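Single-structure report; data block below.
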Amino acid sequence: MAPTLQDRPDVAVFGEIGVIEHLIRQSVQHHLPSGMTFAHFELLQHFVRNGDGQTPAELARVMLLSKAALTNILQKMGELGFVSVLGDVADGRKKRVRLTRAGLEQHAAVIKAMKWKMELLREGFTDAEFRQALPFLRNLRRFLEEVSAGPAPGAESRR
């Protein structure tokens with residue numbers, strides 16, 4: 001009997017990653033206040049981990065979004081009071097995005113509401129298990145970034 005797509009380890013890995021990503025989103029969304037989306041939470045998470053002050057173009061690149069999508073997210077987050085978009089002091093043509101106290105507090109509230117889930121996760125898996133998974137996942141991400149950035153092989157000759 002010929003192997004099926006489900007028998008291929010590459011297909012199985014991406015299937016698992018997709019389900020994990022879906023379950024994480026679903027879990028976080030259960031703890032978001034009305035009007036806040038998962039995309040808003042992801043941006044708050046980015047600011048908490050990496051600091052704020054980036055331009056919208058830089059954020060779009062980091063968040064893997066179009067500039068238009070990020071602009072929409074920033075507008076809604078501004079209305080919620082989570083971020084401020086201010087002119088760049090050094091270059092008046094640019095804008096910089098700053099996390100507000102309300103945004104920081106909202107992020108902390110979501111994380112606090114999810115604390116019990118994170119504790120269960122840490123009880124269910126050891127640090128060693130997470131460390132063992134990291135090299136493969138990082139290499140896979142880097143490979144996909146490289147493949148996504150360049151043209152397809154032979155694309156030049158098809159023009």
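If you're wondering where the values come from, they're calculated on a predicted model, not measured in any experiment. The analysis underlying the following values was restricted to heavy atoms, covering all of them including side chains, and did not include hydrogens, waters or symmetry mates.
- Across every non-hydrogen atom of I73 and A39, the tightest pair is CD1-CB, 3.7 Å.
- The minimum heavy-atom distance between V13 and L140, with the atom names listed, is CG1-CD2, 4.3 Å.
- To the nearest 0.5 Å, atoms CD (Q45) and CE (M63) are separated by 9.0 Å.
- Minimum heavy-atom separation, L70 to A60: CD2-N, 3.5 Å.
- Residues V97 and V89 do not share a hydrophobic cluster, clusters being chains of Ile/Leu/Val/Met/Phe/Trp/Tyr side chains in contact below 4.5 Å.
- The closest side-chain heavy-atom distance from F47 to Q54 is below 4.5 Å.
- F38 and L104 end up in the same hydrophobic cluster when Ile, Leu, Val, Met, Phe, Trp and Tyr side chains are linked at under 4.5 Å.
- Here the side chain of T71 pairs a donor or acceptor atom with the backbone of K67 at under 3.5 angstrom.
- In this structure, the side chain to side chain donor-acceptor pair (under 3.5 Å) partners of T37, at least two apart in sequence or on a different chain, are H40.
- Relative orientation of the H107 and F41 rings is parallel, given thresholds of 30° and 60° on the angle between their planes.
- At least one side-chain heavy atom of R96 sits under 4.5 Å from a side-chain heavy atom of E58.
- Looking at T100, its side chain does come within 3.5 Å of a backbone N or O of G81 through a donor-acceptor pair.
- Counting heavy-atom neighbours within 6.0 Å of F125 CZ, excluding the residue itself, gives a total of 12 or less.
- Every pair passing salt bridge (charged side-chain N to carboxylate O under 4.0 Å, His left out) that includes a residue from residues 116-129 is listed here, sequence neighbours excluded: K115-E119.
- Sorted by first then second residue, the side-chain hydrogen bond (donor to acceptor under 3.5 Å, both in side chains) pairs that include residues 135-152, not counting sequence neighbours, are N139-R142, R141-E145.
- Using a 4.5 Å heavy-atom threshold, the side chains of L121 and F130 count as touching.
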